[in-house]
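Take a look at the structure set out below.
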There are 2 protein chains.
Amino acid sequence: MPYDPSAFPPFAVTVDLVVLTVRRHALCALAVRRGEPPFQGRWALPGGFVRADEDLAQAAARELAEETGLSVHDPSVPAQDNGAHLEQLATYGDPKRDPRMRVVSVAHLALAPDLPAPRAGGDASNARWAPVEELLQQGGYGRDAEPVAPLAFDHAQILADGVERARSKIEYSSLATAFCPPEFTVGELRRVYEAVWGVALDPRNFHRKVTGTPGFLVPTGGTTTRQGGRPAQLFRAGGATLLNPPMLRPEV
Amino acid sequence: MPYDPSAFPPFAVTVDLVVLTVRRHALCALAVRRGEPPFQGRWALPGGFVRADEDLAQAAARELAEETGLSVHDPSVPAQDNGAHLEQLATYGDPKRDPRMRVVSVAHLALAPDLPAPRAGGDASNARWAPVEELLQQGGYGRDAEPVAPLAFDHAQILADGVERARSKIEYSSLATAFCPPEFTVGELRRVYEAVWGVALDPRNFHRKVTGTPGFLVPTGGTTTRQGGRPAQLFRAGGATLLNPPMLRPEV
DNA sequence: AGTGTTTATCGTCAGGCAGACGACTATGAT
DNA sequence: ATCATAGTCGTCTGCCTGACGATAAACACT
C-alpha cells in the first residue's frame, strides 16, 4: 500500500523514569508530585515528552538530569563517575493509560548512588525519595499512618517492573556498583544487595564471592572506617559487567 | 504547566516482530519483502502501525496472526497449544530511523515451533524463514553466492537484540519449549538449544539436567521414534517457567 | 539372523562452587 | 580493660556440572 498519512493515528510519546537508589538500607525510588490534572497532587514517576529531534535515550538522559542533576555514565569513559546507569525498561501503551489522549511511554530505569535532596524544578516539596514498598502499596497507610494514594497513571506497574528488573539484574551483572559511590567497601556493596533484595547475606560468603570474581572489584589501596568496626579496604568497580557465575539470590 | 496539545510532537507508533523458529537445526527468523519505498524490495521484519484503540501487545499479536496464522499462547489457558510465545523486546525511536517521518517502533519477540510455509498477504514469495546469520551478515553473500542486502531500517539491530534475548532467556527459563511441538522428546529439545546457541551439548548431561529439574518436563507416557534410533519418551512442557539453577551455556 | 548405525538413557567420578559457620583482626565506645 | 562492631581468612559438606563409559532399543543393511 502507498504511503498514506491518514493510515495511522498520531501518538504522543513520553519517557518515564524509574530512578532507584539505596538510602538508609532501603531501596528507594524518585517520585514527583503532579502539579496539574490528571492525577493532580498525586505522586508519579518523573518523565516528560520526547522532543521532535530527540532519541529515546537522549530524552531519558535529559529528564534524568533535569530531575536529579545526574549525568549518565558513559561506558566509553571509564574514568568518569558520579554518573548514573540508565537503560531502557519497557514501553507502556494501553489506549486508556492517559485519559487525555493516546500516550505511549517508554520507561527507563536509572540506578544512582545515594544523593543529596532531590529537586523538581527547584521545589523540594514536589520531589522525594520514597521506599519502593511505600510507593507500591495500593491504598494502604504510610509510616505515619497517613493514607497513601497509589501512583498516578500506570506508574505503579512501571515501578514494579523496574524494581524487578533491578533485582534480577544485580544477580548476573556488576550493576549493584551503580548504587555505590566511586569508592566503596565490600560491606557497603553487600548492604546494597541486602536492600535491593530485602534479605540478609552472609558477610563471609559475600566477601569471598565478590573478591574472588575476576574484574568485579579493583582495590584502590585505601581503607575506611566510616562504617565503624575494623577498617575496610576500598574498591572501585572493575571492568567486568557480567558476573559468571552469578550472585545467587537466596530463596524465600 | 497546563495541558497544551502543541507542546508535544506527533509520532507514528508501530510494532515490529522478531519471529524466531528452529528449522533444520538452524535458528531462523521471519522476513518479509517490502513492497513499497523506502527500502522497496529489501527484506524487513514484519510489522505495522498500532491502531488507535489497540494495546501494544494486541497489535503485536494481530500482526503475528496476520503474518503466520499463529495465535498467542495465553498462560492462563494451559491446555491450549500451537500458540506462540510473545513478549515485548525493546523500543526503537531514533529520529532518523524512518526517512518519511518520526516513527517509534515497539519491537516484540515471538518464539514459534517449526511451521509450514509462511504467508504474507497470501504471497509466499514475499515472506520467508531465513537463518539469522544470513539476515544479519551485512552486505555479504548468501548460500548461493548471491549478494545479500542488509535488512531495511534498523531491523538488523532489532533482530540482533531479539536473538540475543532468546539466547539468554532459554538459559534461565523453560522458553525453549516454545520452539517445540506440543509433545517432544529430550533430544528434540536439546537440538533446539544447540540451534539457538550454535553449540553442541552432551546428550547425557542434558538429559540429566532437564529430566532432573522439577516442573520442567512432564512425561506424556508415549514414545516416538521419529528421530531414528531407540524410541524416546515424549514430554510436554511443565508448569515451571523459571529454571533454577539455569541451563549453562558453554563458554566460547 | 547377524552386524552396524543411530539415538536414548543410566551410571560413575572428579572438580568447582555455595551455604553454614568457626576463628581471628582492627577499630571505636564505655 | 572490656565490649561491641565490622572485616577478613579458613574449613567442611553437599550439590551440581563436565567428561565420559556402558547399556538399550530401534532401523538398515547383508
Side-chain angles (χ1 to χ4, degrees), chain A residues 24-25 170-172 180 183-195 197 199-236 240 242-252, chain B residues 24-25 170-172 180 183-195 197 199-236 240 242-252:
Chain A
R24 283 179 283 123
H25 288 208
I170 64 173
E171 288 187 53
Y172 57 89
C180 293
E183 294 199 350
F184 53 89
T185 69
V186 172
E188 289 165 347
L189 183 62
R190 175 171 48 83
R191 280 182 278 277
V192 164
Y193 275 90
E194 291 178 335
W197 284 346
V199 298
L201 300 175
D202 185 288
R204 297 157 291 188
N205 293 336
F206 184 87
H207 189 276
R208 179 183 59 191
K209 173 70 177 173
V210 297
T211 57
T213 299
F216 191 8
L217 299 183
V218 179
T220 66
T223 63
T224 183
T225 174
R226 60 183 168 223
Q227 300 292 334
R230 170 177 165 179
Q233 279 189 74
L234 285 169
F235 295 87
R236 283 184 297 103
L242 254 49
L243 254 46
N244 209 321
M247 183 84 59
L248 292 183
R249 173 161 31 165
E251 321 279 321
V252 182
Chain B
R24 285 180 281 123
H25 289 207
I170 65 174
E171 287 187 53
Y172 58 88
C180 293
E183 294 199 349
F184 54 89
T185 70
V186 173
E188 289 165 346
L189 182 62
R190 175 170 48 83
R191 280 180 279 275
V192 164
Y193 276 91
E194 291 179 334
W197 284 344
V199 298
L201 300 176
D202 185 287
R204 298 157 291 191
N205 292 337
F206 184 87
H207 189 277
R208 178 182 60 192
K209 173 69 178 174
V210 296
T211 57
T213 300
F216 191 6
L217 298 183
V218 179
T220 66
T223 62
T224 184
T225 172
R226 62 183 167 223
Q227 299 292 333
R230 170 177 167 178
Q233 279 189 75
L234 284 169
F235 295 87
R236 284 185 297 100
L242 256 48
L243 253 45
N244 210 322
M247 182 86 58
L248 291 183
R249 171 157 39 161
E251 319 280 322
V252 181

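Note that the structure is a prediction, hence the values are computed from the model and not measured.
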Subject >> Selection: residues 211-224 of chain B, any non-hydrogen atom under 4.0 Å of DNA chain C >> reply: none

**OP:** Report yes if some heavy atom in the side chain of A:Met247 is under 4.5 Å from a heavy atom in the side chain of A:Thr213; otherwise report no.
**Re:** no

Original post:
Is the phosphate of D:dG7, meaning OP1 or OP2, less than 4.0 Å from a side-chain N or O of A:His207?
Top reply: no

Subject >> Contact nearer the 5' end of DNA chain C, comparing B:Thr185 with A:Arg249 >> reply: B:Thr185

Subject >> Heavy-atom donor-acceptor pair, A:Arg204 side-chain to D:dG10 base, under 3.5 Å >> reply: no

Original post:
Where the side chain of A:Thr185 meets the backbone of A:Glu188, is there a donor-acceptor pair that is under 3.5 Å apart?
Top reply: yes

Original post:
Rounded to the Å, how far apart are B:Arg230 CZ and D:dA26 C1'?
Top reply: 9 Å

Subject >> Heavy-atom side-chain contact between B:Tyr193 and B:Glu171 under 4.5 Å >> reply: no

**OP:** For A:Asn205 and for B:Gly229, find the nucleotide of DNA chain C with the closest heavy atom, then tell me which residue's nucleotide is more 5'.
**Re:** B:Gly229

Original post:
Sequence neighbours excluded, which residues qualify as salt bridge (Lys or Arg N to Asp or Glu O under 4.0 Å) partners of B:Glu194?
Top reply: B:Arg190

Subject >> Ion pair check, B:Glu183 and B:Arg236, cut-off under 4.0 Å >> reply: no

Original post:
With side chains defined as the heavy atoms from C-beta onward, is the minimum distance between B:Pro250 and B:Trp197 less than 4.5 Å?
Top reply: yes

Original post:
How far apart are the C-alpha atoms of A:Leu189 and A:Phe216, what are their side-chain angles, what is the distance that settles it, and do they pass the side-chain contact (heavy atoms from CB on, under 4.5 Å) test?
Top reply: CA-CA 11 Å; A:Leu189 183 62; A:Phe216 191 8; 4.0 Å; yes

Original post:
Where does the chain B footprint on DNA chain C start and end, counting 5' to 3' with a 4.0 Å heavy-atom cut-off?
Top reply: C:dT6 to C:dT12

Original post:
A:Arg191 near the nucleic acid: base, sugar-phosphate alone, or nothing, with a heavy-atom cut-off under 4.0 Å?
Top reply: sugar-phosphate

**OP:** Would you kindly compare B:Pro231 and B:Pro246 by the position of their nearest DNA chain D nucleotide and give the one closer to the 5′ end?
**Re:** B:Pro246

Original post:
Between A:Phe235 and A:Phe184, does the ring centroid distance fall short of 6.0 Å?
Top reply: no

Subject >> Minimum side-chain heavy-atom gap A:Pro219-A:Leu234 below 4.5 Å >> reply: no

Subject >> B:Lys209 side-chain N/O to D:dC16 phosphate OP1/OP2 under 4.0 Å >> reply: no

Original post:
Which is true for B:Arg190 with a 4.0 Å heavy-atom rule: it touches a base, it touches only sugar-phosphate, or it touches nothing?
Top reply: sugar-phosphate

